[in-house]
Structures are given as structure tokens and as C-alpha cells.
A.B. asks: 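The following block contains the structure, expressed as C-alpha cells.
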Amino acid sequence: GKSVPVLCLEGSVQLLHTVVGRFPGRTEAFLSSVNSALQESASTAEKVHFFLKFFQRMTTAFLNGSTRGDWGTRDIQSIVGLIGLLANELDTESQELDQVYEWTHSQCKEQNVDDSQLTKALVSLLLTLTSRHKGSVKIIRKLSQDIHYHLGDIDEDIELECRTHFAIVNPRTASSSVLGLVYAQTETVLNDAEWLIGRLKSESTSNPVEELFEGMQSSTIGTQMEEHCSSLCERLMNFVVAFHELVQTAIPSGPSSEGLLKAVTKLYTVLANLVKYYLSIYPQLCCVIPNLRKLVEMVGSHLSQQVYSLIAYIQSTQASGSTEQQDSKGKKGGKGKPKAASSGKVMVRKETRSIPSLIFAMEQLEKFLIQLSKKSKVNLMENFKRSTSRDFRINHQTVEAILNDGSFEEEE
């Protein structure tokens, strides 16, 4: 059975989860009753931080190996989740939240964790705190660089420099834990950007621009609109750098590569919506703001060409996978594994559907950039080059071979 310390820990964690999660207004009173040593004059933040430091010490001791005989990774995973729950009780500008962020960042930076679930808990906590503390875009960029280094490049001849930022990202956890969290956080931030663009677009459509900035001179109106676009472009530039790393990464075929295709499609969709919005307000600005021009240049030179290489890589991986399945089937005398074949068939279908969606999103961005180039008399398509990958969107022979092979095995 479980030891007494583990049972006590499980009970405490469950109790704190119940109080903090369901009765947030009673958290302070509960923490005071649990530890009578806390002064009544102490603030809520100080009381919460007292328990946070206690759980931090337990987690650090486990990660350093000094208490691994007493606790298991599941126990520490629960504690990390509780740290995140208690951190929600702290004010965004408080010193206590700064300390929790610095501690979490330090653990992810220094600890080489083998367990995928514990890694997921710590990195998830880091991303959550970062989004409240500083914004998670730069952290996503660093995590993407680490993933690229550990999983390797799609070009096997390229040797990557060792420029890792977090020891918790390693060959065992990069694809199994961290990659999925990066996708999820990316989707959250891009959804926020899409919402902001939609809000600005709807306001400028329902009201004349002059009414949105009533009482301002035309030059001031242009400045306000430029600030909105410039701030969003700066955030998206960090995303372009992150995706520049991910699209060059030898990500395993399957859900991981499917997730990457969807994430890149989402990025291009947001970029297209941004340029489309900029087209609608261009008469008030009469110029292309520097950050937008820089963003477009980065997309053309650092992302689009690499995306075409990624598409070719995914298709070649599918082709080699199909060949291996056929060879394996031949060696077994035609008796393959129907479930494995069916699973491979479904995944190929998903990936081949995602590739045209991605190319469509890229072409939509280019369409709006061409329109803006004509309006502004500035060549925004300078760094965009048409690729032969456009004529190689889907390897139909490979898809049909896999589908037919799967159908044949299922019939058998």
C-alpha cells in the first residue's frame, strides 16, 4: 500500500484543490486555519506565498533526487498543478508572482526531467505564468529552438548549433510533451490576435474612423491606428521566428506533423486577416508602417520557403512509410495488421487535407499583399518566391497506394 506521507500529501492536495477551486472566497481563511503560525495581519498574497514556497521546496528536492524514495512523479505532478492553482490567487503585478515565475523558469532551465507527464506539468505552468507575467511569445520561440535542436533538421546534412535554453526539453520529452504544449499556446495567442483584428475591423466598419478617435486631429488618428498595428506586428514577428524553427524540424509523422500543419495554417490566416484589415484603413495612414513591412519581409524570407520544404518532407515521409508497409506486407505473405494499416490510412488523409488548406492560406496572404503593394507603391512581395512545391501539393500515387493497401487488408 501507499506510505503515510503519500496519503497525507494526496489528502492535502485534494483538499486544497477543492477549497481554492470551488470556494475561492474562503481561500485566505482556510490557509490561516491550516497554519496557525501565519500572522493574522499577513495579506492574502503572503499567506498564499507561504504555501507556495513550501510546495516549491518539495518539488525542488524531488527534482534534485533527495526525496525520490518518498514521492513519485505523480505526486510531484499534483503538487505542480497545485502551485499553478495557488498562483492564480496572486496579483499579476505582485512580487510573490514574480518569485513563482522565476522559480518555475529556473526549474525548466536547469532540470533534465525524463518523465513526460511531469515535464508537461512544469512547462505548462511556465507558459501559464509567462502569459500573465510577460507574455508567452518569446518563451514559445525559445522552446521551438530547443525542439528543433533535439529532434533534428529535415535536412539531415545540416548540423545544428547547441543553443538550448531549457534542460527540461530533451530528446525524450521534445515531441512527447513540449511540442503539444507549444501548439496549444500558439493557438491561444493566435486566437487572441485574430479576435483583436476582428474587433478593430468591426469597429472601423460600423463607425467611421474619425468617430473612433473623436476629437483627434487626422495625424493623431493615424498615429493611434499605427500603434495598434505596429504592436500586433511585433508580436507576430516573434511567432514567425518560432515557426521558422518548427517548420525546419524533423517532427515525427502523425499527430505531431498534423498539428504543425494546422498551426502554420492558423498563422498564415491571421497574417492574411491583418493585411486585409490594413488595406481597409490604408487611406487614413497613406503609408506602410515599418513593423508591418518588416513582418512581411520576415515571412517571405524566413518562413514561406521553409514551409514548402516542410511539405516536401512530409510527402517524402509518407512515401517512404508506404514503401515500408508494402515491403513488410510482402515479407509476411500478405498478412498485415489491419488496425495499423487503417490508422496509417486515416493519418495520411488528415495530412493530405491539411496541406491544401495551408497552401490556400499562404496564397490568400500573397493576394492581399499584392493588393497592398499596388496601393502603396511598395513591393511587399520582394521576398516571396513561387515554389515548385505548389505543383506537388499531394502525391496522389502515394495516397492511393496506401488507401488501396489499407482497403485490401481490411477486406482480407
A.B. asks: Is the shortest side-chain heavy-atom distance between Leu179 and Leu143 below 4.5 Å?
C.D. replies: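 When only atoms from C-beta onward are counted, Leu143 and Leu179 do not touch, as no gap falls below 4.5 Å.
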A.B. asks: Would you please test Glu258 and Lys262 for salt bridge (charged side-chain N to carboxylate O under 4.0 Å, His left out) and show each step?
C.D. replies: CA-CA 6 Å; Glu258 169 69 10; Lys262 289 183 177 180; 3.7 Å; yes
A.B. asks: To the nearest 0.5 Å, how far apart are CE in Met362 and CG in Leu365?
C.D. replies: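 Going from CE on Met362 over to CG on Leu365, the span is 8.5 Å.
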A.B. asks: One pair to check against side chain to side chain contact (heavy atoms under 4.5 Å, CB included): Trp103 and Thr59. What are the steps and the verdict?
C.D. replies: CA-CA 11 Å; Trp103 174 83; Thr59 304; 3.8 Å; yes
A.B. asks: Does Thr60 use its side chain to pair, donor to acceptor, with the backbone of Arg57 at less than 3.5 Å?
C.D. replies: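 Judged by distance alone, no pair lies under 3.5 Å.
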A.B. asks: So do Asn383 and Val299 actually touch side chain to side chain, heavy atoms under 4.5 Å?
C.D. replies: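 Answer no - side chains too far apart.
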A.B. asks: Would one find more than 12 heavy atoms of other residues, nucleotides or ligands at under 6.0 Å from atom CZ of Arg172?
C.D. replies: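 Yes.
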A.B. asks: Would Cys108 and Thr119 count as a side chain to side chain contact (heavy atoms under 4.5 Å, CB included) here? Give the steps.
C.D. replies: CA-CA 8 Å; Cys108 292; Thr119 297; over 6 Å; no
A.B. asks: How about Val137 and Thr130: do any of their side-chain heavy atoms sit closer than 4.5 Å?
C.D. replies: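 Answer no - side chains too far apart.
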A.B. asks: Within a 6.0 Å radius of atom CZ on Phe30, are there more than 12 heavy atoms belonging to other residues, nucleotides or ligands?
C.D. replies: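 Buried by this count: over 12 neighbours within 6.0 Å.
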A.B. asks: For Ser304 and Tyr268, does a side-chain donor sit closer than 3.5 Å to a side-chain acceptor?
C.D. replies: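 Yes, because at least one side-chain N or O of Ser304 sits under 3.5 Å from a partner of the opposite role on Tyr268.
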A.B. asks: Tell me the closest heavy-atom pair linking Pro252 and Leu151, and the distance in Å.
C.D. replies: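 So the two residues come closest at CD-CD1, 4.4 Å.
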A.B. asks: Does the side chain of Leu267 reach to within under 4.5 Å of the side chain of Leu303, using non-hydrogen atoms?
C.D. replies: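 Yes, close enough: below the 4.5 Å cut-off.
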A.B. asks: Using side-chain heavy atoms (C-beta onward) and a distance below 4.5 Å, is Thr44 in contact with Thr27?
C.D. replies: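 SC-SC contact between Thr44 and Thr27 ruled out.
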A.B. asks: Provide the closest heavy-atom pair for Arg132 versus Ala87 in the form atom of the first, atom of the second, distance.
C.D. replies: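 Scanning both residues, the minimum pair turns out to be NH1-O, 2.9 Å.
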A.B. asks: Would you check, one step at a time, whether the test salt bridge (charged side-chain N to carboxylate O under 4.0 Å, His left out) holds for Arg141 with Glu245?
C.D. replies: CA-CA 8 Å; Arg141 184 183 66 189; Glu245 299 288 339; over 6 Å; no
A.B. asks: Test Leu129 against every option in Leu125, Leu127, Leu126 by the side-chain contact (heavy atoms from CB on, under 4.5 Å) rule and name the one that passes.
C.D. replies: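 Single side-chain contact (heavy atoms from CB on, under 4.5 Å) partner of Leu129 among Leu125, Leu127, Leu126: Leu125.
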A.B. asks: If I take atom OG from residue Ser357 and atom CG from residue Leu261, how far apart are they, to the nearest 0.5 angstrom?
C.D. replies: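 The OG atom of Ser357 sits 9.5 Å away from the CG atom of Leu261.
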A.B. asks: Taking the side chain as every heavy atom from C-beta outward, state whether Phe243 and Thr186 have any atom pair closer than 4.5 Å.
C.D. replies: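 Contact flag for Phe243/Thr186 side chains = yes.
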A.B. asks: How far does NZ of Lys109 sit from CD1 of Ile168, to the nearest 0.5 angstrom?
C.D. replies: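 Atom-to-atom, Lys109:NZ and Ile168:CD1 are 14.0 Å apart.
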A.B. asks: Does the side chain of Thr173 come under 3.5 Å of the side chain of Asn170 through a donor N or O and an acceptor N or O?
C.D. replies: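 Yes, Asn170 and Thr173 have a side-chain donor paired with an acceptor closer than 3.5 Å.
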A.B. asks: Give the minimum heavy-atom separation between Arg163 and Asp146, together with the two atoms involved.
C.D. replies: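 Taking Arg163 first and Asp146 second, the nearest heavy atoms are O-OD1, 4.0 Å.
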A.B. asks: Give me the one residue out of Val264, Val247, Ile355 that meets side-chain contact (heavy atoms from CB on, under 4.5 Å) with Ile311.
C.D. replies: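 Going through the options one by one, the only one that passes is Ile355.
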A.B. asks: From His150 NE2 over to Gln145 CD, what is the distance, rounded to the nearest 0.5 angstrom?
C.D. replies: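 Going from the NE2 atom of His150 to the CD atom of Gln145 covers 11.5 Å.
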A.B. asks: Answer whether the closest heavy-atom distance between the side chains of Leu380 and Ile370 falls below 4.5 Å.
C.D. replies: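 A side-chain contact is absent here, since even the closest heavy-atom pair is not under 4.5 Å.
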A.B. asks: Using a 3.5 Å distance criterion without hydrogens, assess whether the side chain of Ser373 forms a donor-acceptor pair with backbone atoms of Val378.
C.D. replies: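 Present.
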A.B. asks: Where the side chain of Ser106 meets the backbone of Glu102, is there a donor-acceptor pair that is under 3.5 Å apart?
C.D. replies: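 Not at all, since once roles are kept as given, no pair shorter than 3.5 Å links the two residues.
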A.B. asks: Test your reading of the model: is there a side-chain donor-acceptor pair from Ser124 to the backbone of Ala121, 3.5 Å cut-off?
C.D. replies: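 Side chain of Ser124 to backbone of Ala121, a donor-acceptor pair under 3.5 Å: no, none is there.
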A.B. asks: I need the minimum non-hydrogen distance between Ser78 and His17, along with the two atoms involved.
C.D. replies: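 Closest approach of Ser78 to His17, heavy atoms only: O-NE2, 4.3 Å.
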A.B. asks: Going by distance alone, is a donor N or O of one side chain under 3.5 Å from an acceptor N or O of the other, for Ser230 and Asn291?
C.D. replies: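 There is such a pair between these side chains.
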A.B. asks: Report yes if the side chains of Asn64 and Gln111 come closer than 4.5 Å at any heavy-atom pair, otherwise no.
C.D. replies: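 Asn64 vs Gln111: side chains touch.
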A.B. asks: Do Tyr183 side-chain atoms and Ser256 backbone N/O form a donor-acceptor pair below 3.5 Å?
C.D. replies: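 Indeed, once roles are kept as given, a pair shorter than 3.5 Å links the two residues.
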A.B. asks: How close do Cys162 and Tyr149 get, heavy atom to heavy atom, and via which atoms?
C.D. replies: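 It is CA-CE1, 3.6 Å.
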A.B. asks: If every non-hydrogen atom of Ser116 is compared with every non-hydrogen atom of Ser177, which pair is closest and at what distance?
C.D. replies: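 Here Ser116 and Ser177 meet closest at O-OG, 2.8 Å.
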A.B. asks: Between Leu295 and Leu271, is the side chain to side chain contact (heavy atoms under 4.5 Å, CB included) condition met? List the steps.
C.D. replies: CA-CA 9 Å; Leu295 171 62; Leu271 291 170; 3.8 Å; yes
A.B. asks: Are there over 12 heavy-atom neighbours, none belonging to Gln306, within less than 6.0 Å of that residue's CD?
C.D. replies: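 More than 12 heavy atoms, drawn from other residues, nucleotides or ligands, come within 6.0 Å of this atom.
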A.B. asks: Can you tell me which residue among Asn273, Ile197, Ile289 is in a side-chain contact (heavy atoms from CB on, under 4.5 Å) with Tyr278?
C.D. replies: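 Per the side-chain contact (heavy atoms from CB on, under 4.5 Å) rule, the option paired with Tyr278 is Ile289, out of Asn273, Ile197, Ile289.
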A.B. asks: Can Gln248 and His244 be counted as having a side-chain donor-acceptor contact under 3.5 angstrom?
C.D. replies: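 Yes, His244 and Gln248 have a side-chain donor paired with an acceptor closer than 3.5 Å.
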A.B. asks: Indicate whether any N or O donor in one side chain lies under 3.5 Å from an N or O acceptor in the other, for Gln56 and Gln99.
C.D. replies: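 Yes, Gln99 and Gln56 have a side-chain donor paired with an acceptor closer than 3.5 Å.
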A.B. asks: Counting only heavy atoms not in Glu234, do more than 12 sit closer than 6.0 Å to its CD atom?
C.D. replies: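 Open: at most 12 neighbouring heavy atoms sit under 6.0 Å from CD of Glu234.
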A.B. asks: Would you sort out whether Leu86 and Phe55 count as a side chain to side chain contact (heavy atoms under 4.5 Å, CB included), showing the intermediate values?
C.D. replies: CA-CA 10 Å; Leu86 288 172; Phe55 290 127; 4.0 Å; yes
A.B. asks: Is it the case that the side chains of His148 and Asp153 hold a donor-acceptor pair, with the cut-off being a distance below 3.5 Å and no angle test?
C.D. replies: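 Result is yes, a qualifying pair exists.
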